[in-house]
Amino acid sequence: MTTNFEIIEKTVDDIRVIKVCGELDALVAPKLKERIAKQIELDINKFVIDFGDLVHINSLAMGILRGKLRVVRDLGGDIKLVGLNDHIRTIFEMIGLDELFDIYGTEEEAIASFR
């Protein structure tokens with residue numbers, strides 16, 4: 001089974017911006033986990049994850065995000081989310097992740113929140 005999935009990364013000052021495109025399911029969620037873990041090893045602890053082009057997310061991926069949020073906050077950083085469509089925002093609200101993560105409308109707003 002192939003999955004429509006892509007990760008695009010860039011750095012803005014000391015913030016790692018990760019754009020997740022396509023479907024974030026059990027097959028590819030570990031790739032996102034690995035990308036974040038590698039950045040943490042490089043002493044990056046500020047992340048903006050852009051879900052503007054995300055069409056699906058499953059519970060494994062949400063669990064990975066929650067676990068990485070805990071690790072990053074323990075290091076004095078944070079993970080901010082942007083671009084959640086109505087469907088994905090509803091899922092986050094239903095399971096309470098909107099209470100854990102700061103969610104912004106744009107990448108610029110999320111980056112500014114670190115200042």
Side-chain angles (χ1 to χ4, degrees):
M1 179 178 163
T2 60
T3 302
N4 174 26
F5 176 75
E6 183 180 13
I7 295 176
I8 302 166
E9 297 180 74
K10 67 180 180 181
T11 301
V12 178
D13 299 325
D14 60 343
I15 301 163
R16 192 67 177 171
V17 179
I18 301 173
K19 183 172 184 70
V20 181
C21 308
E23 300 176 17
L24 189 50
D25 59 20
L27 287 175
V28 296
K31 292 179 185 178
L32 178 61
K33 179 180 181 179
E34 181 182 302
R35 294 277 183 103
I36 294 171
K38 284 183 180 182
Q39 295 303 315
I40 292 170
E41 289 174 12
L42 297 171
D43 292 327
I44 293 175
N45 64 6
K46 296 176 186 171
F47 295 88
V48 171
I49 301 182
D50 183 347
F51 287 149
D53 290 329
L54 188 70
V55 295
H56 172 76
I57 188 168
N58 77 350
S59 59
L60 175 63
M62 290 184 281
I64 286 170
L65 285 173
R66 184 176 175 179
K68 289 301 176 190
L69 178 65
R70 189 175 306 122
V71 170
V72 167
R73 284 186 176 163
D74 285 348
L75 295 171
D78 206 351
I79 297 175
K80 317 280 182 155
L81 306 179
V82 300
L84 279 70
N85 65 34
D86 290 341
H87 172 70
I88 293 172
R89 182 179 287 273
T90 298
I91 293 169
F92 271 67
E93 290 170 354
M94 286 173 42
I95 62 174
L97 286 182
D98 63 317
E99 299 291 325
L100 294 177
F101 287 92
D102 294 331
I103 300 172
Y104 296 88
T106 68
E107 179 183 313
E108 293 76 17
E109 291 171 340
I111 289 169
S113 73
F114 280 110
R115 307 293 177 233

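The residues of the chain are indexed from 1 along the displayed sequence.
- Taking each heavy atom of I64 and P30 in turn, the nearest pair found is CD1-N, 4.1 Å.
- Considering every non-hydrogen atom in both I79 and F101, the closest pair reads O-CD2, 3.6 Å.
- Residue-environment remark: CG (D86) stays at or below the threshold of 12 foreign heavy atoms within 6.0 Å.
- For N58 (side chain) and L60 (main-chain N/O), a donor-acceptor pair under 3.5 Å exists by modelled atom type.
- Between R115 and D14 the shortest heavy-atom distance is NH1-OD1, 3.8 Å.
- For R16, the side-chain contact (heavy atoms from CB on, under 4.5 Å) partners two or more places apart in sequence, or in a different chain, are E9, T11, I18, Q39, I44, F47.
- Summarising the geometry of D78 relative to D102, their closest heavy-atom pair is OD2-OD2, 3.7 Å, with the distance given to 0.1 Å.
- Using modelled atom types, no side-chain atom of E99 and backbone atom of G96 make a donor-acceptor pair closer than 3.5 Å.
- Residues I40 and V48 do not share a hydrophobic cluster, clusters being chains of Ile/Leu/Val/Met/Phe/Trp/Tyr side chains in contact below 4.5 Å.
- Here the shortest heavy-atom pairing between A29 and L24 reads CA-CD1, 3.8 Å.
- Nearest heavy-atom pair, L32 versus L65, reported as atom, atom and distance to 0.1 Å: CD2-CD2, 4.1 Å.
- With sequence neighbours left out, the side-chain contact (heavy atoms from CB on, under 4.5 Å) criterion links V55 to E23.
- Figure legend: K80 and F114 shown as a cation-pi pair, the cationic atom lying under 6.0 angstrom from the six-membered ring centre and within 45 degrees of its axis.
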